[in-house]
Amino acid sequence: MDGFGIRIEGLRKRYGEGDTAVDALKDVNLTVSPGEVVGLIGPSGSGKSTLLKCLGAVIEPTAGRMTLGDEVIYDNGWKLADLRALRRDRIGFIFQAPHLIPFLDVIDNVALLPMLAGQPNAQARRRALALLEALDVAHRAHARPSQLSGGEQQRVAIARALANQPPVVLADEPTAPLDSERALGVVGILNHMAQQFRTAIVVVTHDEKIIPTFRRRYHIRDGRTDEERGQAHAEPAG
Ligand SMILES: Nc1ncnc2c1ncn2[C@@H]1O[C@H](COP(=O)(O)OP(=O)(O)OP(=O)(O)O)[C@@H](O)[C@H]1O
Ligand SMILES: [Mg+2]
């Protein structure tokens with residue numbers, strides 16, 4: 001696998017202990033290459049959010065292996081990386097609701113994390129504007145989030161997730177509040193951004209409108225993954 005990307009092997013997560021223990025993940029195997037967008041689909045309670053939290057270094061798995069690029073993050077119950085630094089520098093999050101900061105204008109919502117990471121303000125804003133242009137929402141750069149439509153807010157949230165150019169982006173139901181056209185637009189943008197920045201993107205979704213658009217998807221049932229290849233976008237020949 002070139003560059004970054006995600007590889008998970010035999011991942012397990014148990015919540016609690018003894019009689020009340022819940023085995024939320026029993027055997028999860030998944031890979032995402034740089035530049036690829038993968039769908040993660042499954043019924044309620046199947047372990048989607050648990051897996052996304054393990055991937056995002058928010059909770060630690062009980063067993064199994066997870067690597068980001070050539071760096072081993074967990075190996076059979078051992079944590080081998082600084083998880084705070086990992087979350088800050090390597091992972092972008094997109095949630096169902098945009099969670100923008102209401103008293104900052106759009107451009108500063110996107111530039112905030114890079115500024116906090118030490119980028120000069122002017123440079124962070126210039127890059128934020130370029131991302132907003134790529135996402136077709138630069139004309140709203142100086143508006144407040146509350147003055148934007150739902151689809152515009154979600155595009156700003158995507159720009160924010162990409163602002164630090166993380167190699168991994170995790171999206172939890174990013175299209176749930178959007179109509180079909182906007183939902184498909186968001187998926188198109190994620191694919192485009194993944195290719196442009198060589199980002200590995202995982203999208204958790206129930207959304208029937210967008211499920212067929214993933215070239216590769218993982219079904220999770222009762223804590224176990226099955227890979228499935230979609231028909232929608234055949235690999236180009238050659
Ligand atoms: N903190 C926790 N403590 C104990 N059990 C938990 C905890 N979080 C989740 N679970 C259990 O783990 C299993 C998987 O939950 P998870 O939230 O990952 O499912 P999900 O696929 O995201 O579901 P949904 O589609 O409803 O969001 C469920 O049985 C859930 O009850
Ligand atoms: Mg969930």
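For this chain, numbers begin at 1 and follow the sequence in order.
When the side chains of ILVMFWY residues are joined at heavy-atom separations under 4.5 Å, either directly or via intervening members, L129 and I189 end up in a single hydrophobic cluster. When the side chains of ILVMFWY residues are joined at heavy-atom separations under 4.5 Å, either directly or via intervening members, F214 and L184 end up in a single hydrophobic cluster. In terms of hydrophobic clustering, with Ile, Leu, Val, Met, Phe, Trp and Tyr side chains grouped at heavy-atom distances under 4.5 Å, L86 and L113 are assigned to different clusters.
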Residue pair R221, S46: steps toward the side chain to side chain contact (heavy atoms under 4.5 Å, CB included) verdict
CA-CA 5 Å; R221 294 185 189 89; S46 58; 5.6 Å; no
Could you walk me through whether L190 and I158 pass side chain to side chain contact (heavy atoms under 4.5 Å, CB included), step by step?
CA-CA 8 Å; L190 289 175; I158 293 170; 4.1 Å; yes
Salt bridge (charged side-chain N to carboxylate O under 4.0 Å, His left out), that's the test. Do R84 and D82 meet it? Break it down for me.
CA-CA 6 Å; R84 271 190 73 206; D82 173 349; over 6 Å; no
Checking side chain to side chain contact (heavy atoms under 4.5 Å, CB included) for the pair I201/V32: CA distance, chi angles, key distance, verdict?
CA-CA 7 Å; I201 303 185; V32 191; over 6 Å; no
Kindly indicate, with the supporting measurements, whether the criterion side chain to side chain contact (heavy atoms under 4.5 Å, CB included) is fulfilled by V203 and L40.
CA-CA 6 Å; V203 179; L40 179 63; over 6 Å; no
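With rounding to the nearest 0.5 Å, the separation of CG in L30 from CG in L11 is 9.5 Å. Taken from CG in L83 to CD1 in I73, the straight-line distance is 7.5 Å, to the nearest 0.5 Å. E181 CD to K209 NZ: the interatomic distance, rounded to the nearest 0.5 Å, is 12.0 Å.
Partners of R144 according to the salt bridge (charged side-chain N to carboxylate O under 4.0 Å, His left out) rule, which considers only residues two or more places apart in sequence or in another chain, do not exist here. With sequence neighbours excluded, the residues that form a side-chain contact (heavy atoms from CB on, under 4.5 Å) with R182 are R155, L178, D179. Considering only residues two or more places apart in sequence or on other chains, D27 meets the side-chain contact (heavy atoms from CB on, under 4.5 Å) condition with N29, R224. Residues passing the side-chain hydrogen bond (donor to acceptor under 3.5 Å, both in side chains) test with H192 are Q196, sequence neighbours excluded. Applying the side-chain contact (heavy atoms from CB on, under 4.5 Å) test to I211 and every residue at least two apart in sequence or in another chain returns I41, T205, E208, R217. Residues passing the salt bridge (charged side-chain N to carboxylate O under 4.0 Å, His left out) test with E71, sequence neighbours excluded: R90. In this structure, the side-chain contact (heavy atoms from CB on, under 4.5 Å) partners of A143, at least two apart in sequence or on a different chain, are R140, Q147, L148.
Judged as a salt bridge (Lys or Arg N to Asp or Glu O under 4.0 Å), the pairs with a partner in residues 10-26 (not counting sequence neighbours) are, in order, R14-D23, K26-D222.
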Cut-off 3.5 Å, no hydrogens considered: what does the side-chain donor-acceptor table look like for residues 92-109, sequence neighbours left out?
residue	atom	partner	partner atom	Å
D105	OD1	D108	N	3.1
D108	OD1	R125	NE	2.6
D108	OD1	R125	NH2	3.3
D108	OD2	R125	NH2	3.2
N109	OD1	I101	N	2.7
N109	ND2	I101	O	3.1
N109	ND2	L104	O	3.0
N109	ND2	D105	O	3.2

Show me the donor-acceptor pairs within less than 3.5 Å that the side chains of residues 47-61 make with the rest of the protein, sequence neighbours left out.
residue	atom	partner	partner atom	Å
K48	NZ	G42	O	2.9
K48	NZ	P43	O	3.0
T50	OG1	Y15	OH	2.9

Review item, side-chain donor-acceptor pairs of residues 161-173, under 3.5 Å, at least two apart:
residue	atom	partner	partner atom	Å
E173	OE1	H206	N	3.4
E173	OE2	H206	N	3.3
E173	OE2	H206	ND1	2.5

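Within the 4.5 Å cutoff, the side chain of Y218 has no heavy atoms near those of the D226 side chain. Annotation: side chain of R127 is not in contact with side chain of L131 (no heavy-atom distance under 4.5 Å). For the pair I220 and L25, the minimum side-chain heavy-atom distance is below 4.5 Å. A heavy-atom distance below 4.5 Å is not found between the side chains of E152 and Q154.
In terms of modelled atom types and a separation under 3.5 Å, the side chain of E228 and the main chain of H219 share no donor-acceptor contact.
Here L80 is tied into one hydrophobic group with V72, W78, each link being a pair of ILVMFWY side chains closer than 4.5 Å.
Between P145 and Q153, the closest heavy-atom pair is O-NE2, 3.1 Å. Residues G16 and A21 approach most closely at O-CB, 3.9 Å, considering heavy atoms.
Ion pairing of E227 with R216 is present here, as a side-chain N (NZ or NE/NH1/NH2) and a carboxylate O approach within less than 4.0 Å.
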